[in-house]
Amino acid sequence: MRRGEKVKDILKQGGPRSGVVLSGWVRSVRDSKQVAFVMVNDGSCLESLQVVMDAALPSHADVVKAGTGAAVRVTGDLVPSQGGGQQWELKASCIEVVGSSDPSYPLQKKRHTFEFLRTIAHLRVRSNVFGAVFRVRNAASHAIHRFFQERGFLWVHTPIITGSDCEGAGEMFQVTTLELGNPPRTEEGKIDFAQDFFARQTSLTVSGQLEAETFALAFGDVYTFGPTFRAENSNTPRHASEFWMIEPEMAFFDLQDNVALATDFIKYMTAFVLEQCGGDIDFLEQWVEKGLRARLEQVVSSQFSVMTYTEAVERLAASGEKFEYPVKWGIDLQTEHERHLTEVLVKGPVFVIDYPKDIKAFYMKVNDDGRTVAAMDLLVPRIGEIIGGSQREHRLDVLLERIRGLGLREEDYWWYLDTRRFGTCPHAGFGLGFERAVMYLTGMSNIRDVIPYPRVPGTAEF
RNA sequence: UCCCGAGUAGCUCAACCGGCAGAGCGGGUGGCUGUUAACCACUAGGUUGGGGGUUCAAGUCCCUCCUCGGGAGCCA
């Protein structure tokens, strides 16, 4: 099949020239007596190509009837457009209806609500906004791999099914082949997971960090980029049950190195998207978030602030702002605190570091003061926390003390603890919620609208 | 999971104090000499989210369930 050229390439190359072939889907048809205009989009870019169809063309009636959404293949000459609104148009010598579209096609030329579009997630990708969102999502993934590969990082594929029920945060989805209605029981009456597929209780991963650490202590610099699952009953615009996460892990790295890398990383990704998806960003600017482009450009050029948790608490307390939850040293920053910090006090991305030990995970390095850990959260306006990371506790004795103190079972971490026995070294890493990054890059305000087929509590359609 | 709000035609929304359920867009039919969310005319389209209750009478009031949105918690 001769598919022809992409709209993106046709517009880039320009004309005039003859014998151009284009395949795509009809966005709209404007028909009058002598001539009809068919907007054809192929997803390669935001723009549709205007196809001019003389009423004398044999397939004229078929094309007009084929309907919005139909698949067509056009052959014609690329000529300067007589009308305003586009530079080039395709004067058709032949239009073939490859697949017609039923009149019930739900996408109108009018604006739809995101709520409605979510119910037709298989078709919403043919709309302008979702075209832009998923091209940005693609460019961002590309940028992430490029950033790390250029710096010699190893992409590690950590397991999706995990046997450790102790990875820290979050409820986990259980993985089993046992008969749910009648599982085998032990003598005490408990479910006998020894008879399950993996001969133990298994779940979907909530993080690849612990496994990534073992690779960092062999390859130096590594990163994960893959799906992650949380069975939390979270119903917010920022949480999904299935999402993608990027987790770099670097050996011989401390918290300052970590902050520096995370900063470079965010800037690189943002600059890459601005460069690759300029048209999409401008469209999102117009329809989704005013000021998007300026905000992204500012991310690339500005310096990210860094402040300690202690300083953040002091500044919040001194701000005079009335918070629903009062700020106090020792309690975790609430969403309202984080947003006030990044949106009002700093007005930009800010790293908060050195959190109280008691509110953070066991694997974070205990600072010399004995009461804080070398943690870092990157807070950004609108989204809140986008990156969470830390320098890891590399001292075996301190780590063991932390595990025991939290009532965790040492034997569950035997392989993780081995890394501290055999050539341990200071190392650090962070986790980036990929969808939150895409939200930040596109201005979209609901995580369900930056995932192709979102999974959230009560919903797994498509 | 908790708090608040919403659910009316395929979509987006009206409908006053409880009194005949409407518009725009989309669809269909016809028209229009180059359109840009094209335009003009005509036309079809409804168990007012489900169930129960109050009332002569319920889209409207009460109870309950479901779904969606906003906020919170958990977090990325």
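Source: prediction; values computed, not measured. Each chain gets a letter, A, B and so on, in the order the sequences are listed, and its residues count up from 1.
- Salt bridge present: A/Glu435 and A/Arg137 bring a charged side-chain N and a carboxylate O closer than 4.0 Å.
- Taking the ring centre of A/Tyr268 as origin, the terminal cationic atom of A/Arg151 falls inside the region bounded by 6.0 Å and 45° from the ring axis.
- Across all strands shown, B/rA41 forms a Watson-Crick or G-U wobble pair, both distances under 3.5 Å, with B/rU29.
- Ring centroids of A/Phe225 and A/Trp155 are separated by 6.0 Å or more, keeping the two rings apart.
- The A/Glu232 side chain lies nearest to B/rC74 when the options are B/rU12, B/rG34, B/rC74.
- Note on A/Thr335: a side-chain N or O is less than 4.0 Å away from OP1 or OP2 of B/rG73.
- Within the structure, every side-chain polar atom (N or O) of A/Arg30 is placed at least 4.0 Å from both OP1 and OP2 of B/rU35.
- One cannot find a donor-acceptor pair under 3.5 Å joining the base of B/rC75 and the side-chain atoms of A/Ser234.
- Residues A/Phe147 and A/Phe272 keep their aromatic ring centres 6.0 Å or farther apart.
- Within the shown strands, nothing qualifies as a pairing partner of B/rA14 under the Watson-Crick or G-U definition with both distances less than 3.5 Å.
- Nucleotides B/rU64 and B/rC2, compared at atom P, are 13 Å apart to the nearest Å.
- One interatomic measurement links the two molecules: CD1 of A/Ile447 to P of B/rG71, which rounds to 14 Å at whole-angstrom precision.
- Here the closest heavy-atom approach between residue A/Trp329 and residue A/Thr310 is recorded as NE1-OG1, 2.9 Å.
- For B/rC25, the base is anti relative to its sugar; the glycosidic angle deviates from 0 by more than 90°.
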### Task
Please assess A/Tyr413 against A/Phe362 for the test ring pair (Phe, Tyr, Trp, His ring centres under 6.0 Å), listing each intermediate value before the final yes or no.
CA-CA 12 Å; A/Tyr413 299 92; A/Phe362 73 92; 5.1 Å; yes
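- Taking the ring axis of A/Phe114 as reference, the NZ or CZ atom of A/Arg124 does not stay both within 45° of it and closer than 6.0 Å to the ring centre.
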### Message
At under 4.0 Å between heavy atoms, how does the protein contact nucleotides 26-33 of chain B? Give one character per nucleotide, 5' to 3', with B, S or -.
### Response
SS----BS
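- Nucleotides B/rC40 and B/rG50 have their C1' atoms positioned 42 Å apart, rounded to a whole Å.
- A distance of about 33 Å separates the C1' atoms of B/rC63 and B/rG45, rounded to the whole Å.
- Nucleotide B/rA58 has no partner under the Watson-Crick or G-U criteria, as no pair reaches both atom distances under 3.5 Å.
- Annotation: B/rU8 and B/rA21 have their C1' atoms spaced 8 Å apart (nearest Å).
- Ion pairing between a basic and an acidic side chain is recognised when a charged N comes within 4.0 Å of a carboxylate O; A/Asp377 and A/Lys360 show such pairing.
- To the nearest angstrom, C1' of B/rU36 lies 11 Å from CD of A/Glu89.
- At whole-Å resolution of the value, CH2 in A/Trp244 and C1' in B/rC75 are 20 Å apart.
- Nearest nucleotide to the A/Ser28 side chain, out of B/rG34, B/rA38, B/rU12: B/rA38.
- Base-pair partner of B/rA72: B/rU1 (Watson-Crick or G-U wobble, both distances under 3.5 Å).
- A heavy-atom distance below 4.0 Å to RNA chain B is reached by none of the residues of residues 253-268 of chain A.
- Base pairing of B/rU67 is made with B/rA6, judged by Watson-Crick or G-U wobble geometry with both donor-acceptor distances under 3.5 Å.
- Here the C1' atom of nucleotide B/rA76 and the CZ atom of A/Phe243 are 5 Å apart, to the nearest Å.
- Contact of A/Gln82 with B/rU35 (side chain to base): no donor-acceptor pair of N or O atoms is detected under 3.5 Å.
- Summarising the local packing, NZ of A/Lys8 is surrounded by 12 or fewer heavy atoms from other residues, nucleotides or ligands at distances under 6.0 Å.
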Contacts under 3.5 Å, N or O only, protein and nucleotides 68-70 of chain B:
from	atom 1	to	atom 2	distance (Å)
B/rC68	OP1	A/Thr459	OG1	3.4
B/rG69	OP1	A/Arg118	NH1	2.1

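- Between the C1' atom of B/rG34 and the CG atom of A/Leu57 lies a distance of 15 Å, rounded to the nearest Å.
- In summary, the side chains of A/Thr372 and A/Asn367 do present a donor paired with an acceptor at a separation below 3.5 Å, with no hydrogens or angles considered.
- Comment: A/Arg295 engages A/Glu289 in a salt bridge, judged by a side-chain N to carboxylate O separation of less than 4.0 angstrom.
- The six-membered or imidazole ring of A/Phe323 lies near that of A/His340, with a centre-to-centre distance under 6.0 Å.
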